[in-house]
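Only one structure is covered here, and it is reproduced in the block below.
As a basis for the values below, the full set of heavy atoms in this structure was taken, side chains included, without hydrogen atoms, waters or symmetry mates. Per chain, numbering begins at 1; letters A, B, ... match sequence-line order.
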There are 2 protein chains.
Amino acid sequence: MGRRKLDEQEVAEFRAKLMDQALILFAKHGYRDVSIRAIALATGCSAMTPYRYFENKEAIFDACRARAFERFAEFHEQIVEAHPHPVERINALGQGYADYAAAHTDAFRLMFELDQPSEPSNHLTLMGNRAFDTLRNSVRDAVQQGYLKGEPEKLAHLFWATIHGIVVLDLTNKLTYGIDKHALLESFFEGEFTSARNTPEDSK
Amino acid sequence: MGRRKLDEQEVAEFRAKLMDQALILFAKHGYRDVSIRAIALATGCSAMTPYRYFENKEAIFDACRARAFERFAEFHEQIVEAHPHPVERINALGQGYADYAAAHTDAFRLMFELDQPSEPSNHLTLMGNRAFDTLRNSVRDAVQQGYLKGEPEKLAHLFWATIHGIVVLDLTNKLTYGIDKHALLESFFEGEFTSARNTPEDSK
DNA sequence: TTAAAAAATTGACAGTGTAAAATTTACAGT
DNA sequence: ACTGTAAATTTTACACTGTCAATTTTTTAA
């Protein structure tokens with residue numbers, strides 16, 4: 001006696017359906033300008049139904065971010081497959097990172113928003129790491145094969161930080177002195193900055 | 001006949017008063033969770049009075065961001081004065097950037113939020129540039145004096161992007177592999193990454 | 001003292017997140 | 001087939017939001 005409880009798969013399916021719509025809306029309009037009612041409407045359920053599948057709006061957002069990271073990671077994994085050479089692979093990953101941010105700006109914002117509405121869930125952290133792992137592994141390989149020197153973890157993180165910095169400064173319109181994203185990426189990949197450090201004695 | 005119109009200074013004073021409170025609230029709770037009514041209450045005026053001094057909530061936020069950038073720039077300018085040597089100055093600016101982000105995280109978020117509610121105003125851009133100018137000039141000096149080699153604009157931008165990248169990845173809890181902000185900053189300042197690039201032949 | 005204009009406040013509205021109540025749905029036992 | 005019941009869903013309701021419009025207060029010049 002009593003209506004059958006939704007099994008795990010059914011719940012997962014509806015959650016996915018909600019997230020598909022939510023991701024589209026969040027990416028298009030941002031967290032602030034998407035209402036749960038709008039997500040419900042797009043999904044074709046009533047306004048309060050999402051609350052049965054997610055605790056609140058932040059939980060939906062969090063799930064969408066994780067999904068965005070998942071796609072981001074898949075994109076990186078494709079690049080890895082397409083570039084067997086470690087150094088080329090690293091550069092392709094960096095370029096891909098920037099390209100992805102440009103092509104999917106809204107998803108990128110979702111992922112790297114400074115003003116995160118909640119602490120990252122474990123799943124979100126996992127998906128975030130998965131994308132970075134492609135770079136981490138590539139740098140490790142490059143070091144092992146002698147293409148790079150240094151502590152692989154630090155190298156990978158610094159590489160990431162630099163690309164990320166270039167991308168977000170560009171995204172927030174902070175590059176206003178004629179030096180744009182492309183020039184910076186090019187310089188970085190050429191190692192112009194990295195080889196520029198020396199002492200005054202050297203330059204005399 | 002007719003009440004005296006507020007002169008420019010009076011308007012500026014009240015705007016400043018509003019912004020003082022708004023900046024505190026925005027920094028503490030973020031754009032989303034601060035209402036104009038709350039700003040008005042903190043300022044001691046009625047709920048709709050802010051609308052006489054700013055077009056809307058975004059305009060208040062924009063003004064606050066510009067003010068945050070102004071303080072950020074002043075902080076950098078103090079660092080410049082305290083460090084006469086170009087290379088030390090550059091490193092101090094980088095370290096200061098990270099320290100400021102840690103000490104005034106909320107203000108930093110305000111300034112570099114990806115999800116900006118509006119296009120940056122001219123004044124905001126100006127204040128943003130003012131902070132970066134300290135680094136730009138320092139790099140230019142360092143290059144002129146032979147401490148650095150390369151195109152100064154690109155060097156300065158790349159330096160900024162790297163520090164910024166490190167800071168924001170840390171701020172958004174993306175550094176989860178035991179390599180933290182401090183290790184990355186240290187590596188960066190030591191040039192560990194920058195001197196790591198060479199060909200396999202070199203390492204044999 | 002009064003007319004009027006600027007400033008400030010109040011009232012109103014559509015839209016928000018979400019808690020609680022009401023309702024629909026679909027199954028187990030008779 | 002019917003019915004009791006529990007799960008799923010929808011409806012209702014509320015406090016709060018940004019902001020427009022109407023109103024009231026304040027302050028000045030005549």
Side-chain angles (χ1 to χ4, degrees), chain A residues 1-19 21-26 28-65 110 113 115-119, chain B residues 1-19 21-26 28-65 110 113 115-119:
Chain A
M1 26 147 118
R3 176 171 175 169
R4 186 175 60 82
K5 206 170 174 177
L6 297 182
D7 63 37
E8 239 173 80
Q9 197 199 323
E10 284 168 317
V11 169
E13 267 173 24
F14 194 79
R15 284 170 66 106
K17 213 168 131 187
L18 269 174
M19 278 167 48
Q21 299 304 320
L23 189 52
I24 294 171
L25 291 170
F26 278 135
K28 197 181 302 181
H29 304 106
Y31 181 81
R32 195 170 43 249
D33 293 334
V34 174
S35 68
I36 288 194
R37 286 171 172 89
I39 297 171
L41 183 69
T43 311
C45 65
S46 122
M48 294 300 105
T49 300
Y51 280 98
R52 180 160 299 275
Y53 297 87
F54 292 96
E55 192 180 342
N56 52 29
K57 189 180 174 185
E58 286 185 7
I60 302 177
F61 189 71
D62 201 68
C64 286
R65 296 213 307 154
L110 234 61
E113 191 55 66
D115 185 18
Q116 299 177 0
S118 59
E119 286 293 299
Chain B
M1 26 142 122
R3 177 172 174 164
R4 185 176 61 83
K5 205 170 175 178
L6 297 182
D7 63 37
E8 241 174 76
Q9 198 199 323
E10 284 168 319
V11 169
E13 267 172 25
F14 194 80
R15 283 170 68 106
K17 213 167 131 185
L18 268 175
M19 278 167 49
Q21 299 303 321
L23 188 53
I24 293 171
L25 291 171
F26 278 135
K28 197 182 301 183
H29 305 107
Y31 180 82
R32 191 169 49 250
D33 293 334
V34 172
S35 67
I36 288 193
R37 286 170 173 89
I39 297 171
L41 184 68
T43 311
C45 65
S46 124
M48 292 302 106
T49 300
Y51 280 98
R52 182 161 298 275
Y53 297 88
F54 292 96
E55 192 179 344
N56 53 27
K57 189 181 175 185
E58 286 185 7
I60 301 179
F61 189 73
D62 201 70
C64 286
R65 296 213 308 153
L110 233 60
E113 192 54 67
D115 184 20
Q116 299 177 359
S118 59
E119 285 293 300

Give the rounded distance in Å between these two atoms: [atom1] of [X] and [atom2] of [N].
X     : N      : atom1 : atom2 : result
B/R52 : D/dC20 : CZ    : P     : 13 Å
A/L25 : C/dT16 : CG    : P     : 12 Å
B/F54 : D/dG18 : CZ    : P     : 15 Å
A/I60 : C/dT16 : CD1   : C1'   : 14 Å

Using every non-hydrogen atom in the two residues, find where [X] and [Y] come nearest and quote the distance to one decimal.
X     : Y     : answer
B/A42 : B/L25 : CB-CD1, 4.2 Å
A/I36 : A/Y51 : CD1-OH, 3.2 Å
B/F26 : B/I60 : CE1-CG2, 4.0 Å

Close N or O pairs between protein and nucleotides 25-30 of chain D (under 3.5 Å):
from, atom 1, to, atom 2, distance (Å)
D/dT26, O2, B/R3, NH1, 3.3
D/dT28, O2, B/G2, N, 3.2
D/dA29, O4', B/M1, N, 2.2

Notebook entry, point to check: Within the side chain of A/K57, is there an N or O that forms a donor-acceptor pair under 3.5 Å with the backbone of A/V34?
Noted result: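 Checking the backbone N and O of A/V34 against the side chain of A/K57, a donor-acceptor pair under 3.5 Å is found.
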Item checked: Flag, side chain of B/R37 to backbone of B/A47, donor-acceptor distance under 3.5 Å ->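 No, B/R37 side chain to B/A47 backbone: no donor-acceptor pair under 3.5 Å.
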Note to self: Which residues in residues 5-17 of chain A have a heavy atom closer than 4.0 Å to any atom of DNA chain D?
What the structure shows: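 A/K5, A/L6 - these, ordered by number, are the residues of the stretch whose heavy atoms sit under 4.0 Å from the strand.
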Check: Hey, can you pull the residues of residues 32-45 of chain A with a non-hydrogen atom under 4.0 angstrom from DNA chain C?
Finding: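 Listed by number, they are A/V34, A/S35, A/I36, A/R37.
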Checklist line | A/C64 and its side chain to side chain contact (heavy atoms under 4.5 Å, CB included) partner, picked from A/I24, A/L23, A/I39 | finding: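 That would be A/L23; it is the only one of A/I24, A/L23, A/I39 passing the side chain to side chain contact (heavy atoms under 4.5 Å, CB included) with A/C64.
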Notebook entry, point to check: Residues two or more places apart in sequence or in another chain: which of them pass salt bridge (charged side-chain N to carboxylate O under 4.0 Å, His left out) with B/R4?
Noted result: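 In terms of salt bridge (charged side-chain N to carboxylate O under 4.0 Å, His left out), with neighbours along the sequence ignored, B/R4 is linked to B/E10.
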Check: So, do A/D62 and A/F54 sit near enough that their side-chain heavy atoms are less than 4.5 Å apart?
Finding: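 A/D62 vs A/F54: side chains apart.
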Next item on the list: May I ask you to decide if the ring planes of A/Y53 and A/F14 are parallel, tilted or perpendicular, using 30° and 60° as cut-offs?
Entry: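 The arrangement is tilted - the two ring planes meet at 30° to 60°.
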Note to self: Could you work out, with side-chain hydrogen bond (donor to acceptor under 3.5 Å, both in side chains) as the rule, every residue matching A/Q9, not counting sequence neighbours?
What the structure shows: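 Scan of A/Q9 (side-chain hydrogen bond (donor to acceptor under 3.5 Å, both in side chains), adjacent residues dropped) gives A/E13.
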For nucleotides 19-23 of chain C, print each protein N/O atom paired with a nucleotide N/O atom at under 3.5 Å, atom names and distance only.
none

Notebook entry, point to check: If you measure from CG on A/L41 to CD on A/Q21, what distance do you get to the nearest 0.5 Å?
Noted result: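 Going from the CG atom of A/L41 to the CD atom of A/Q21 covers 9.5 Å.
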Next item on the list: Measure the NZ-SG distance between B/K17 and B/C45 for me, rounded to the nearest 0.5 Å.
Entry: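 Interatomic distance, B/K17 NZ to B/C45 SG, rounded to 0.5 Å: 8.0 Å.
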Notebook entry, point to check: Think B/T49 has a side-chain N or O under 4.0 angstrom from the OP1 or OP2 of C/dT9?
Noted result: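 Checking B/T49 against C/dT9: at least one side-chain N or O falls below 4.0 Å of OP1 or OP2.
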